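Input: a single structure, listed below in structure tokens.
Just so it is clear, the structure is predicted and the values come from calculations on it, not from any experiment. Values reported hereafter were calculated over all heavy atoms of this structure, with side chains retained and with hydrogens, waters and symmetry mates removed.
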Amino acid sequence: MVSNRQQLRAVAGIVLLAALLGGALLGLLGGRDRPPAVVRFSAEEVRELWLGYGEAELQLQREDGTWWVLRPEPRRPARGDRVMAALSELSAARRARTVTAQAPERSERYGLDQANRLTLRVRLRDGTAHELTLGSDAEEGTYYREPEGEGGALSDRALRRLLPDELAHYLERRVFPEGIEPGRIRRLQVDAPGDRYELQYERFESWLAPERELQPHAPEVRVMLAALDRLNGDDLRNVGELQLDDPDARVSAVSDTGRRYELELHILDHDVWAVGRGPGSLPGGFASRLHPDDVVRVLRPLRDLAGVP
């Protein structure tokens, strides 16, 4: 005859077994429904990081817990906490959805074309290597492509923005990396050796130049703002190394939200170096060398904008 104690033990065993089976089943179902990870490694496993953007490249290596920038030279320490935070966020990212099964004809649309893509390669401590191609950021995340696949996918977080500023600037060398959103600029001031003026957005895409007889043409102003937004340098240096004095020219832009962006231009040994101020600008310690043609586009005199021969 079965005692009450034995009955209780049997019931408890059945309940425990059911709980274990239920947990395992939920785990299997949850794992099956959970979106796949964008990358399959942890930040702690990474020992080398290589980033390529067009012809620019950046190489970092971790030695005894310290991150170093090996390329571009000279060798120098990197902000290890920022690098590890970016890698941790990257390893936590998951695929939101597949956007196309065949990406070549839509590469430009998703920023996966040669001109815009950011290539990321990592080498782990066991020697294995992984590669990922990042395209444009979207509202939900970032378009990306795995090396073996031809299609593109969308992550659940903005992966390009994870890159620490000081590393992103070495790659893209943008004066205003986040963009100045030309359509939202409401005031523009130019202070250059040859001309000094201020423009104000009125309405219906029209611009005014207060206290000046010449009035600019809206299409010409848009071209100038677009040139300012896409301003890239071909080199990046520490401001202390260049020993920059007061700027030789200055361009200021104010958005409809009140955000102010400022571009300081310095002429040094026949080169023009730019220092950005404001949200998304180059960090205070860096200057970007500009191509002369780009300088001409963003320092257009008011007579030119007004179409005066």
Side-chain angles (χ1 to χ4, degrees), residues 54 108 111 115-116 136 169 172-237 239 242 244-284 286-309:
E108 185 174 351
N116 298 303
S136 302
H169 291 305
E172 301 183 358
R173 296 164 183 163
R174 288 177 60 95
V175 178
F176 297 127
E178 295 178 358
I180 62 169
E181 299 184 71
R184 305 188 66 173
I185 296 301
R186 294 296 179 263
R187 190 163 72 249
L188 182 70
Q189 184 175 350
V190 175
D191 186 358
D195 201 359
R196 181 177 183 179
Y197 59 88
E198 181 176 346
L199 304 179
Q200 291 183 0
Y201 180 88
E202 189 182 26
R203 63 182 182 277
F204 305 119
E205 299 297 325
S206 63
W207 289 80
L208 297 176
E211 301 181 1
R212 296 290 293 270
E213 295 181 357
L214 299 175
Q215 297 302 321
H217 296 161
E220 298 297 330
V221 177
R222 286 197 296 269
V223 169
M224 182 178 177
L225 291 174
L228 186 63
D229 177 47
R230 295 192 296 265
L231 199 58
N232 289 62
D234 58 9
D235 193 6
L236 196 68
R237 297 286 183 84
V239 171
L242 297 172
L244 301 179
D245 296 322
D246 293 334
D248 296 284
R250 182 181 282 108
V251 179
S252 301
V254 180
S255 72
D256 56 356
T257 60
R259 283 193 169 188
R260 183 180 183 88
Y261 305 89
E262 190 169 292
L263 177 68
E264 298 177 355
L265 301 177
H266 302 260
I267 300 175
L268 185 65
D269 297 332
H270 306 291
D271 289 327
V272 180
W273 293 86
V275 177
R277 310 290 185 190
S281 300
L282 282 168
F286 293 101
S288 180
R289 185 174 61 188
L290 303 181
H291 191 276
D293 292 343
D294 292 333
V295 178
V296 171
R297 294 188 185 98
V298 301
L299 284 184
R300 296 176 62 183
L302 183 57
R303 291 177 60 89
D304 183 12
L305 295 178
V308 178

Minimal non-hydrogen separation, [X] against [Y], with atom names:
X      : Y      : answer
Leu268 : Leu242 : CD2-O, 3.5 Å
Pro210 : Gln200 : CG-CD, 3.8 Å
Arg303 : Pro309 : NH2-O, 3.3 Å
Val295 : Leu290 : CG2-CB, 3.9 Å
Pro193 : Ala249 : CD-CB, 4.2 Å
Tyr201 : Arg203 : CE2-CA, 3.9 Å

I need the [X] [atom1] to [Y] [atom2] distance, nearest 0.5 Å.
X      : Y      : atom1 : atom2 : value
Ser252 : Asp191 : OG    : CG    : 8.5 Å
Leu188 : Met224 : CG    : CE    : 5.0 Å
Leu299 : Leu228 : CG    : CG    : 9.5 Å
Arg184 : Asp256 : CZ    : CG    : 4.0 Å

Kindly indicate whether the side chain of [X], heavy atoms from C-beta on, has any atom under 4.5 Å from the side chain of [Y].
X      : Y      : value
Val221 : Leu225 : yes
Leu305 : Val223 : no
Gln189 : Arg250 : no
Asp245 : His266 : no

(request) Could you pull out all residues at least two apart from Asp246 that satisfy side-chain contact (heavy atoms from CB on, under 4.5 Å)? (result) none
(message) Tell me if the CZ atom of Arg187 is crowded by more than 12 foreign heavy atoms within 6.0 Å.
(response) no
(request) Show your working on side chain to side chain contact (heavy atoms under 4.5 Å, CB included) between Arg186 and Val254 and close with a plain yes or no. (result) CA-CA 6 Å; Arg186 294 296 179 263; Val254 180; 5.9 Å; no
(request) Would you check if the side chain of Arg260 reaches a backbone N or O of Ala253 as a donor-acceptor pair within less than 3.5 Å? (result) no
(message) Consider side chain to side chain contact (heavy atoms under 4.5 Å, CB included). Of Val190, Leu302, Ile185, which one does Leu199 pass it with?
(response) Leu302
(request) Could I get the full list of ring-ring contact (aromatic ring centres under 6.0 Å, His included) partners for Tyr197, not counting sequence neighbours? (result) none
(request) Not counting sequence neighbours, list each pair that qualifies as a side-chain hydrogen bond (donor to acceptor under 3.5 Å, both in side chains) and has a residue in residues 207-220. (result) Glu220-Arg300
